[in-house]
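Heavy-atom basis, side chains included; hydrogens, waters and symmetry copies ignored.
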Amino acid sequence: MLPDLERKLLRILINYPSPVHANRMPDFKRLEVMTGRKRSDILGGLQYLEDHGYITWPGKTTTTGIIVLKHENDPAPKTRTRSNMDYWTY
C-alpha cells in the first residue's frame, strides 16, 4: 500500500486528465492546491511513484510528460476453479 501523499498523487494523476481539462496533467501549482502540500513534497512523491513503477516521468521540471503505468489496486487475475461442466451438473 502506498503512503498517503503518493496515493493521493496517483489518484489525481489517474483521474485528472479528461476532456474537461484538455486531456493534460495538472501543473505543479494545481497539484499544490489539490494536495495541500509544498512543491518539494510533491516532487518527492512523484519520484517515489516513478521509483516504484507507478508512473514514468521523463521531464522532471514539468508534469506534462507523466504517464501512469499502473493503478495502486490492480486486481489480481482471477483464477477459475470451476469448469464449464459444473454449470450443467449442479
Side-chain angles (χ1 to χ4, degrees):
M1 184 163 176
L2 290 172
D4 184 49
L5 173 63
E6 288 77 6
R7 185 174 41 83
K8 185 182 279 189
L9 279 171
L10 186 61
R11 296 303 328 158
I12 291 170
L13 295 175
I14 290 168
N15 294 320
Y16 190 83
S18 68
V20 174
H21 299 113
N23 289 320
R24 60 185 159 84
M25 288 293 178
D27 59 354
F28 284 113
K29 193 57 135 171
R30 185 72 181 149
L31 286 174
E32 288 175 9
V33 170
M34 293 175 88
T35 60
R37 301 288 184 101
K38 296 182 219 174
R39 184 179 176 129
S40 59
D41 295 336
I42 293 170
L43 288 170
L46 290 173
Q47 188 62 48
Y48 180 92
L49 290 173
E50 185 179 36
D51 292 342
H52 287 83
Y54 287 96
I55 63 171
T56 58
W57 187 26
K60 305 290 191 237
T61 58
T62 181
T63 61
T64 57
I66 293 176
I67 299 171
V68 177
L69 299 175
K70 64 180 180 176
H71 297 214
E72 179 185 7
N73 295 327
D74 279 340
K78 293 184 179 181
T79 57
R80 187 169 179 179
T81 57
R82 296 176 46 177
S83 68
N84 189 24
M85 186 57 93
D86 292 342
Y87 175 81
W88 300 103
T89 57
Y90 292 112

Practice prompt. I would like to know whether Thr64 and Met25 meet side chain to side chain contact (heavy atoms under 4.5 Å, CB included); could you show each step before the answer?
Written response: CA-CA 6 Å; Thr64 57; Met25 288 293 178; 6.0 Å; no
Fill in: Distance, nearest 0.5 Å, that separates CD of Glu6 from NE2 of His52
9.0 Å
Fill in: Contact summary for Pro58 and Gly65, nearest pair of heavy atoms
CD-O, 3.2 Å
Item to complete: Could you grab the distance from atom NZ of Lys8 to atom CG of Leu31, nearest 0.5 Å is fine?
Response: 11.5 Å
Fill in: Leu10 to His71 - nearest heavy-atom pair and separation
CD2-C, 4.3 Å
Practice prompt. Output yes when a side-chain donor or acceptor of Thr63 lies under 3.5 Å from a complementary backbone atom of Pro26, and no otherwise.
Written response: yes
Discussion item. Working to the nearest 0.5 angstrom, can you tell me the gap between Leu43 CG and Lys38 NZ?
Written reply: 12.5 Å
Practice prompt. Grab the two heavy atoms, one from Asn23 and one from Pro19, that are nearest each other, plus how far apart they are.
Written response: OD1-N, 3.4 Å
Worksheet item: Do Arg7 and Asp4 meet the salt-bridge criterion of a basic N to acidic O distance under 4.0 Å?
Response: yes
Worksheet item: Are Leu69 and Tyr48 in one and the same hydrophobic cluster, where Ile, Leu, Val, Met, Phe, Trp and Tyr link if side-chain heavy atoms are under 4.5 Å apart?
Response: no
Item to complete: Would you mind reporting whether Leu49 and Val68 have side-chain heavy atoms less than 4.5 Å apart?
Response: no
Practice prompt. Would you give the length of the straight line joining atom CG of Leu46 to atom CD1 of Ile66, rounded to the nearest 0.5 angstrom?
Written response: 5.0 Å
Worksheet item: So how far is it from Arg30 CZ to His21 NE2, rounded to the nearest 0.5 Å?
Response: 6.0 Å
Worksheet item: Taking C-beta and beyond as the side chain, do Met34 and Tyr16 meet within less than 4.5 Å on heavy atoms?
Response: yes
Item to complete: Search all heavy atoms of Leu2 against all heavy atoms of Tyr54 and return the closest pair with its distance.
Response: CD2-CE1, 3.5 Å
Discussion item. Within this structure, what is the CD1-NZ distance for the pair Ile14 and Lys70, rounded to the nearest 0.5 Å?
Written reply: 11.5 Å
